[in-house]
Amino acid sequence: MLPTIIYKLTAVLLMAATVLATTPEADREQPTKLLGGILRKPEGCKYKIEGNSEVLLHYRARVWGEERYFEDTYTEGAPVKYKLGRDKVMKGLEKGISGMCTGEVRRLLIPADLAYGELGLPNLVPGNTAVIYEVEAIEINSPFNNPWFWAGGVAIALVFIFSNRFQNYMENSKSANFLKKKAEEKKSE
């Protein structure tokens with residue numbers, strides 16, 4: 001009994017997957033939240049995209065339901081460099097690439113509110129339309145990977161420790177001088 005139920009459920013799931021796979025994208029409902037999937041995972045992950053990273057990306061972008069790319073850095077010849085948190089990057093793209101490794105490729109389905117919103121992109125993306133990005137992380141430069149970042153942190157820590165100890169020394173010497181004066185006053189009385 002149990003094996004036949006499993007076979008029937010598997011058959012139903014396969015039919016549903018086939019129907020979804022053959023339904024054109026334009027006929028399906030646009031995503032309302034950021035979705036993504038990994039197309040190519042690198043062998044090792046030395047660096048990941050973090051909040052303040054400077055990244056070099058290759059990407060292709062197209063409108064939901066269309067096959068033509070409205071932006072393609074592969075054919076334009078050069079990847080694009082962004083400083084996350086500083087440069088104007090689409091919210092959905094910035095959230096979607098978070099955690100990517102160098103060499104990783106992701107497909108991102110970005111809803112309209114995280115893409116170009118109500119206005120769209122004149123002559124390229126209609127308003128309130130989702131976009132699809134295929135993004136490849138070419139290079140990731142995180143401030144945490146820079147030795148000068150850590151050297152600055154160590155220098156700040158040393159200055160703090162030195163100033164704290166110096167302040168304690170000065171306070172102790174004031175207390176010692178006060179006690180010494182009190183002792184001398186008692187002797188002179």
In Å and rounded to the nearest 0.5 Å, what is the [atom1] to [atom2] distance from [X] to [Y]?
| X | Y | atom1 | atom2 | answer |
| --- | --- | --- | --- | --- |
| Leu124 | Thr129 | CG | OG1 | 12.0 Å |
| Lys91 | Lys88 | NZ | NZ | 9.5 Å |
| Glu184 | Lys186 | CD | NZ | 13.5 Å |
| Ile156 | Ile161 | CD1 | CD1 | 12.0 Å |
| Asn141 | Tyr47 | CG | OH | 8.5 Å |
| Ser53 | Ile97 | OG | CD1 | 8.5 Å |

Are [X] and [Y] linked, directly or through other ILVMFWY residues, by side chains that come within less than 4.5 angstrom of each other?
| X | Y | result |
| --- | --- | --- |
| Leu114 | Met90 | yes |
| Val89 | Phe70 | yes |
| Val80 | Tyr69 | no |
| Tyr133 | Leu56 | no |
| Ile110 | Leu121 | yes |

Between [X] and [Y], what is the shortest heavy-atom contact and its length?
| X | Y | value |
| --- | --- | --- |
| Pro111 | Thr32 | CB-C, 3.8 Å |
| Thr73 | Pro79 | CB-CA, 4.4 Å |
| Leu93 | Val135 | CD1-CG2, 3.7 Å |
| Ile138 | Thr102 | O-CG2, 3.2 Å |
| Cys101 | Ala137 | O-CB, 3.4 Å |
| Pro126 | Val63 | CD-CG1, 4.1 Å |

Next on the checklist: Using a 3.5 Å distance criterion without hydrogens, assess whether the side chain of Arg62 forms a donor-acceptor pair with backbone atoms of Val131.
Outcome noted: no

Next on the checklist: Looking at Ala130, is its backbone amide N or carbonyl O close enough to the side chain of Gln30 to form a donor-acceptor pair, meaning the two atoms are under 3.5 Å apart?
Outcome noted: yes

Next on the checklist: When you compare the side chain of Trp64 with that of Arg28, does any pair of heavy atoms fall below 4.5 Å?
Outcome noted: yes

Next on the checklist: Ile132 vs Leu108, test: side chain to side chain contact (heavy atoms under 4.5 Å, CB included). Steps then yes/no.
Outcome noted: CA-CA 6 Å; Ile132 299 170; Leu108 304 172; over 6 Å; no

Checklist entry - Is NZ or CZ of Arg60 both nearer than 6.0 Å to the six-membered ring centre of Tyr74 and within 45° of the ring axis? => result yes

For [X] and [Y], test the side chains for any donor-to-acceptor distance below 3.5 angstrom and give the result as yes or no.
| X | Y | answer |
| --- | --- | --- |
| Tyr82 | Glu94 | no |
| Glu50 | Asn52 | no |
| Glu71 | Tyr59 | yes |

Item to check | Stepwise salt bridge (charged side-chain N to carboxylate O under 4.0 Å, His left out) check, Arg106 with Glu104 | outcome: CA-CA 7 Å; Arg106 284 187 187 175; Glu104 183 176 334; 2.7 Å; yes

[X], [atom1]: over 12 other non-hydrogen atoms inside 6.0 angstrom:
| X | atom1 | result |
| --- | --- | --- |
| Glu76 | CD | yes |
| Asn123 | CG | no |
| Lys41 | NZ | yes |

Next on the checklist: Applying side chain to side chain contact (heavy atoms under 4.5 Å, CB included) to Met100 and Glu136, what does each step give before you reach the verdict?
Outcome noted: CA-CA 9 Å; Met100 279 182 76; Glu136 179 180 5; 5.9 Å; no

Item to check | Any pair counted as disulfide (SG to SG under 2.5 Å), so long as it reaches residues 159-189, sequence neighbours left out | outcome: none

